[in-house]
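Just so it is clear: chains get the letters A, B, ... in the order the sequence lines come, proteins before strands, and each one is counted from 1. Fair warning: this is a prediction, and the values are worked out from it, not measured in the lab.
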There are 2 protein chains.
Amino acid sequence: MKKRRIKLEDIARKLNISIATVSRALDKNPRVKLSTQKKVLETAELMGYMPNQIAKSLSSGKTNIIGVIIPRYDEPFFIEVCRGIDHYAREHNYKILISSSRNSFEFERENLMSFEKGLVDGIILSPTHETETFTHIRSIIKKGIPVVLFDNIKEEVSGADHVLIEDDKASFSAVEFLIKKGRKKIGFIGGIKEKKVFQDRFKGYLDAMRAYDIPIHEELILHCSSLERQFEDNEIQHFFNTINTTPDAIFTCTDNYGLLTMKTLLKMGYKIPEDISVIGFGDLGLGNIFVPSLTCVSQPNFEMGEKAAELLIAQFNESNEFNHVKKVIKLKTNLVERDST
Amino acid sequence: MKKRRIKLEDIARKLNISIATVSRALDKNPRVKLSTQKKVLETAELMGYMPNQIAKSLSSGKTNIIGVIIPRYDEPFFIEVCRGIDHYAREHNYKILISSSRNSFEFERENLMSFEKGLVDGIILSPTHETETFTHIRSIIKKGIPVVLFDNIKEEVSGADHVLIEDDKASFSAVEFLIKKGRKKIGFIGGIKEKKVFQDRFKGYLDAMRAYDIPIHEELILHCSSLERQFEDNEIQHFFNTINTTPDAIFTCTDNYGLLTMKTLLKMGYKIPEDISVIGFGDLGLGNIFVPSLTCVSQPNFEMGEKAAELLIAQFNESNEFNHVKKVIKLKTNLVERDST
DNA sequence: TACAATAATACAAACGTTTGCATTTTTTAA
DNA sequence: TTAAAAAATGCAAACGTTTGTATTATTGTA
């Protein structure tokens with residue numbers, strides 16, 4: 001009843017040749033006669049032969065799969081990066097296996113462990129905000145599995161490549177832009193303080209304010225404490241309802257914060273950008289739809305993924321994985337000016 | 001230099017027992033003495049043993065991986081479904097391997113072929129709009145690989161389970177809602193005509209209009225012809241710039257169309273919902289941020305994924321995969337009323 | 001026509017597990 | 001104490017490939 005899978009042996013038997021020859025013929029190995037190759041290819045096609053990837057992997061020690069661990073699925077940033085990884089990977093005959101660490105260090109470790117079981121040839125990982133120690137990553141590297149880290153890297157890991165955005169510089173430029181537009185009371189809305197990228201973006205904000213001698217109103221600074229959309233929304237609404245100073249500009253650390261900020265301000269009756277300018281961070285498509293459209297820092301997310309994949313695959317091809325020289329790639333951002341400033 | 005992976009043999013040698021016993025001990029098979037089991041577990045831990053997933057798969061004939069093929073990554077709908085699949089899958093010890101068919105029938109076929117190589121135990125697929133014939137899917141099923149289809153299914157495939165939304169009913173209700181609110185000149189904005197879900201949503205619109213004897217203005221009907229954000233945007237803007245009749249409501253087939261519609265109408269100076277009501281479809285989070293927030297049909301996307309995974313894993317456990325009785329699951333939607341109506 | 005050189009093919013081990021069956025060891029009961 | 005029963009362990013095949021080396025077949029050359 002159940003159709004058995006066709007394997008090399010079946011082809012070999014039918015043609016009265018050895019399995020080795022069939023294997024080589026399918027590989028177009030010049031060691032087999034052309035006429036034999038032709039026969040084999042035809043018979044394979046005829047019998048509906050499909051190579052067994054698992055057996056291949058076991059034999060070759062390569063699975064051609066890249067493991068990717070991201071903090072969450074439902075963030076366009078990570079999806080864009082994954083698209084970039086996938087794009088480069090596919091061109092080089094790799095598939096990607098994505099796992100979410102759900103913003104939890106424990107899950108991150110678990111996922112990493114599960115990738116230790118030989119299913120993947122290497123790993124691309126973006127640490128969660130909870131990730132403070134990196135021994136789990138070092139331990140993977142020690143086992144000879146190549147690793148590339150991207151975004152939100154609190155601690156450099158020798159032996160792993162890094163791909164990151166110049167977050168501080170990017171936010172410096174964004175705030176500088178507001179200052180040059182004549183804004184004086186510039187607020188800041190960032191994310192949880194534990195996350196490195198938010199720390200850096202905050203630093204850029206402070207640096208810019210100081211560089212131009214603009215007084216900083218502590219009251220106009222908010223670090224959202226949640227990672228969930230609804231709560232962020234509440235926090236931002238609450239923030240604007242309680243401050244006494246009215247800002248003339250707000251620099252926010254994500255597109256989403258920017259949009260939520262605009263939404264709140266519009267509902268309160270402010271005009272954007274006349275009364276208050278708003279800047280976001282990320283440029284993930286939505287900023288363009290909102291009315292007014294959101295000026296923001298644009299990150300090369302897709303390229304980030306491509307670069308990460310490139311570095312990883314380059315590691316695969318290094319002769320000795322234990323004296324890998326760490327590479328750190330910093331990607332540039334640019335400011336996209338729209339209607340909110 | 002290079003640390004070799006620890007394998008069963010290494011543990012066996014160290015403890016002077018057989019590989020079989022080690023294998024069984026790690027499985028906590030009651031056939032091995034408890035004291036032996038303990039020794040093995042300790043030694044495995046000590047030596048840093050990690051099972052080889054590939055070898056396990058080859059031996060057992062199961063990879064515990066589910067292949068997922070979606071038309072594109074950068075659509076929140078598919079991401080949500082994938083999250084649902086992943087959620088259910090993980091709970092049942094499966095991983096998911098996602099491939100994008102990039103809205104191309106050819107890529108869909110290619111992806112399917114690549115999944116035929118034994119890497120996955122089963123496949124969950126959402127057909128592209130280009131997919132007219134289903135022989136490629138039938139051929140996979142014939143090989144004994146379980147398949148579940150979701151969303152946008154033009155033709156039922158015997159042997160595969162289906163998970164779908166009652167698109168026509170959903171849009172019927174949405175339009176009915178507008179009618180009951182007293183709207184008369186109700187426009188329709190849908191997607192490419194080749195896509196089954198858009199056909200169904202259009203049908204629901206027509207059905208509702210006819211059911212309530214509302215005259216249909218052909219001029220107020222737009223089928224977007226592109227699948228790319230910018231072009232959709234252009235098409236919608238162009239649409240409103242050229243129509244002579246002013247609608248008092250627009251039913252759109254996606255959240256994105258809804259948002260783009262609102263954006264365009266707001267820019268033209270219309271008030272929403274006073275002058276024109278707008279309804280979207282999907283409820284993918286953005287509708288809540290926009291001002292005014294978007295009323296829309298809410299789909300259970302996450303659940304759709306969970307259900308698909310559930311059906312697939314149920315197929316794995318069926319005794320004979322060749323007399324599988326097709327299951328068709330239809331999921332219900334509900335209308336979420338917000339400020340745009 | 002014979003012999004080396006070369007081309008084509010075959011053999012068998014290896015990849016790291018699982019598992020049915022055989023064997024050995026231990027326990028139980030007469 | 002001894003045989004049978006039960007428990008614990010071991011052997012070896014199997015999963016479907018790849019690949020180094022051995023073998024056989026086919027050339028070319030003197």
Counting the atoms with a prime plus P, OP1 and OP2 as sugar-phosphate, which does [X] contact under 4.0 Å by heavy atoms, base, sugar-phosphate, or nothing?
X       : result
A/Ile54 : nothing
B/Thr36 : sugar-phosphate
A/Asn16 : sugar-phosphate

Quick check for you: among [options], whose closest atom lies nearest to any side-chain atom of [X]?
X       : options                : value
A/Thr21 : C/dT9, D/dC11, C/dG16  : C/dT9
A/Ile19 : D/dG16, D/dT19, D/dT18 : D/dT18
B/Lys7  : C/dA10, D/dG16, C/dC15 : C/dC15
B/Asn52 : D/dT19, C/dG16, D/dT17 : C/dG16
B/Arg31 : C/dT17, D/dG16, C/dG20 : C/dG20

Quick one: on DNA chain C, does A/Ile17 or B/Leu8 contact a more 5' nucleotide (nearest heavy atom)?
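Residue closer to the 5' terminus by nearest nucleotide: A/Ile17.
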Please figure out whether B/Ser59 or B/Lys33 has its closest DNA chain C nucleotide nearer the 5' end.
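This one resolves to B/Ser59.
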Between the base of C/dG20 and the side chain of B/Arg24, is one N or O donor paired with an acceptor at under 3.5 angstrom?
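Pair found.
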Could you state the [atom1]-[atom2] distance from [X] to [N], rounded to the nearest angstrom?
X       : N      : atom1 : atom2 : answer
A/Lys56 : D/dT17 : NZ    : C1'   : 9 Å
A/Lys39 : C/dA8  : NZ    : P     : 13 Å
B/Asp27 : C/dG20 : CG    : C1'   : 15 Å
B/Arg13 : D/dC11 : CZ    : P     : 13 Å
B/Lys38 : D/dA8  : NZ    : P     : 16 Å
B/Leu26 : C/dG16 : CG    : C1'   : 13 Å
B/Gln37 : D/dT9  : CD    : C1'   : 14 Å
A/Arg4  : D/dA14 : CZ    : P     : 13 Å

Could you tell me whether the side chain of A/Glu108 reaches within less than 4.5 Å of the side chain of A/Thr131, counting heavy atoms only?
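Yes, their side chains come closer than 4.5 Å.
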For residues A/Ile85 and A/Val81, determine if any side-chain heavy atom of one lies less than 4.5 Å from a side-chain heavy atom of the other.
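Sidechains of A/Val81 and A/Ile85: in contact.
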Pair A/Glu42 + A/Lys39: basic N to acidic O under 4.0 Å
no
Distance-only, no hydrogens or angles: does the A/Asn64 side chain make a donor-acceptor pair with backbone N or O of A/Tyr94 under 3.5 Å?
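The answer is no, because no donor-acceptor pair under 3.5 Å joins these two groups.
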DNA chain D: A/Ala20 or B/Ser18, which has the more 5' nearest nucleotide?
B/Ser18
Nearest-nucleotide 5' precedence on DNA chain D, B/Leu34 against A/Glu9:
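The residue closer to the strand's 5' end, by nearest nucleotide, is B/Leu34.
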Cation-aromatic face contact A/Lys62/A/Phe316, 6.0 Å, 45 degrees:
yes
So how far is it from A/Phe78 CZ to A/Asp151 CG, rounded to the nearest 0.5 Å?
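If we round to the nearest 0.5 Å, A/Phe78:CZ and A/Asp151:CG are 5.5 Å apart.
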